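Computed from a predicted structure; not experimentally measured. One is the number of the first residue; the rest follow in order along the sequence.
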Amino acid sequence: DLALPRYRAAIFINGCFWHGHDCGLFRLPGTRRDFWETKITRNRQRDIEVKRLLSEAGWRQLTIWECAFRGAGKLGIARTIELTGAWITGSASSAEIRGAA
């Protein structure tokens with residue numbers, strides 16, 4: 001994750017598994033399902049809380065998902081960097097970069 005104070009921008013780089021992303025890279029393991037469901041649910045709750053606190057403090061947030069770099073629908077590094085740069089210098093308060101479904 002990155003903080004860019006000059007732009008009051010926070011950038012989160014999220015693994016699709018660890019944050020329970022709704023893409024083809026996320027699959028709950030077949031073993032210890034209760035453990036993993038609890039763990040991933042807590043990660044999602046923490047993400048929501050952190051973003052709320054940052055928003056209240058006047059920070060913008062961008063989430064870049066792992067599927068932007070991996071998987072059948074990946075955007076690739078160059079396109080992800082291009083989109084990230086445009087967001088940093090833009091005015092959107094929040095956004096996400098993800099692979100195609």
Side-chain angles (χ1 to χ4, degrees):
D1 299 337
L2 303 166
L4 305 172
R6 176 179 174 185
Y7 298 97
R8 294 198 57 83
I11 301 174
F12 299 96
I13 318 292
N14 284 358
C16 295
F17 173 76
W18 296 106
H19 296 267
H21 194 222
D22 63 345
C23 73
L25 296 182
F26 175 70
R27 286 182 184 76
L28 266 170
T31 59
R32 300 180 65 205
R33 282 185 83 85
D34 289 341
F35 168 82
W36 288 112
E37 285 176 355
T38 300
K39 170 86 173 135
I40 291 166
T41 297
R42 180 63 190 118
N43 288 347
R44 286 176 169 171
Q45 291 168 341
R46 188 178 315 107
D47 292 344
I48 291 166
E49 178 66 9
V50 166
K51 288 180 180 185
R52 183 187 65 77
L53 291 170
L54 284 169
S55 187
E56 287 175 0
W59 282 69
R60 299 163 54 228
Q61 303 116 44
L62 173 68
T63 301
I64 302 173
W65 290 98
E66 175 187 10
C67 58
F69 303 107
R70 288 189 47 224
K74 69 184 174 193
L75 300 177
I77 293 173
R79 179 70 177 141
T80 301
I81 290 171
E82 177 184 333
L83 292 169
T84 301
W87 179 82
I88 289 169
T89 58
S91 60
S93 61
S94 66
E96 69 175 21
I97 299 173
R98 59 182 291 155

Colleague: Could you pull out all residues at least two apart from Phe69 that satisfy ring pair (Phe, Tyr, Trp, His ring centres under 6.0 Å)?
Modeller: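 Testing Phe69 for ring pair (Phe, Tyr, Trp, His ring centres under 6.0 Å), a comparison that skips the adjacent residues, returns none.
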Colleague: Run the ring-centre check on Phe26 versus Trp65 and record whether the distance is less than 6.0 Å.
Modeller: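 For Phe26 and Trp65, the ring centres are not under 6.0 Å apart.
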Colleague: For the pair Trp59 and Tyr7, evaluate side chain to side chain contact (heavy atoms under 4.5 Å, CB included) and give the outcome as yes or no after the intermediate values.
Modeller: CA-CA 8 Å; Trp59 282 69; Tyr7 298 97; over 6 Å; no
Colleague: What are the two closest heavy atoms between Ser94 and Trp87, and how far apart are they?
Modeller: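 For Ser94 and Trp87, the tightest heavy-atom pair comes out as C-NE1, 4.0 Å.
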Colleague: Any non-hydrogen side-chain atom of Ile81 less than 4.5 Å from a side-chain atom of Leu83?
Modeller: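 Not in contact.
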Colleague: Is any side-chain heavy atom of Glu96 less than 4.5 Å from a side-chain heavy atom of Ile64?
Modeller: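 Of all side-chain heavy-atom pairs linking Ile64 with Glu96, none is under 4.5 Å.
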Colleague: Tell me, do Val50 and Arg46 make a side-chain contact under 4.5 Å, heavy atoms counted?
Modeller: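 Side chain of Val50 against side chain of Arg46, heavy atoms only: contact under 4.5 Å found.
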Colleague: Would you call Arg52 and Glu49 a salt bridge, using N to O less than 4.0 angstrom?
Modeller: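 So Arg52 pairs with Glu49 through a salt bridge.
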Colleague: When rounded to the nearest 0.5 angstrom, what distance separates CZ in Arg42 from CD in Gln45?
Modeller: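 It is 5.5 Å, given to the nearest 0.5 Å.
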Colleague: Just how far is it from atom CG of Leu53 to atom CD of Gln61, taken to the nearest 0.5 Å?
Modeller: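 Answer rounded to 0.5 Å: 9.5 Å.
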Colleague: Given side chains that start at C-beta, do those of Leu28 and Ile40 come closer than 4.5 Å, heavy atoms only?
Modeller: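 Side chain of Leu28 against side chain of Ile40, heavy atoms only: contact under 4.5 Å found.
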Colleague: Leu4 and Leu54: same hydrophobic cluster, using ILVMFWY side-chain contacts below 4.5 Å?
Modeller: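 Cluster IDs for Leu4 and Leu54 differ.
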Colleague: Within the side chain of Arg60, is there an N or O that forms a donor-acceptor pair under 3.5 Å with the backbone of Ala10?
Modeller: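 Flag not set: sc Arg60 to bb Ala10 has no pair under 3.5 Å.
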Colleague: May I ask you to check whether over 12 heavy atoms, not counting those of Ile77, lie within 6.0 Å of atom CD1?
Modeller: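 12 or below, so no.
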Colleague: Can any side-chain N or O of Asn43 pair as donor or acceptor with the backbone N or O of Trp18 at less than 3.5 Å?
Modeller: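 The answer is yes, because a donor-acceptor pair under 3.5 Å joins these two groups.
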Colleague: In Å, rounded to the nearest 0.5 Å, how long is the span from NZ of Lys74 to SG of Cys23?
Modeller: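 Answer for the NZ-SG pair, Lys74 versus Cys23, is 14.0 Å.
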Colleague: I need the single residue from Arg98, Lys51, His21 that forms a side-chain hydrogen bond (donor to acceptor under 3.5 Å, both in side chains) with Thr63. Which is it?
Modeller: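 Answer after filtering Arg98, Lys51, His21: Lys51.
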Colleague: Given Asp47 and Asn14, is the side chain to side chain contact (heavy atoms under 4.5 Å, CB included) satisfied, shown in steps?
Modeller: CA-CA 10 Å; Asp47 292 344; Asn14 284 358; 4.1 Å; yes
Colleague: Of all the heavy-atom pairs spanning Leu75 and Ile97, show the shortest one and how long it is.
Modeller: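 What the structure gives for the nearest pair is CD1-CG2, 3.6 Å.
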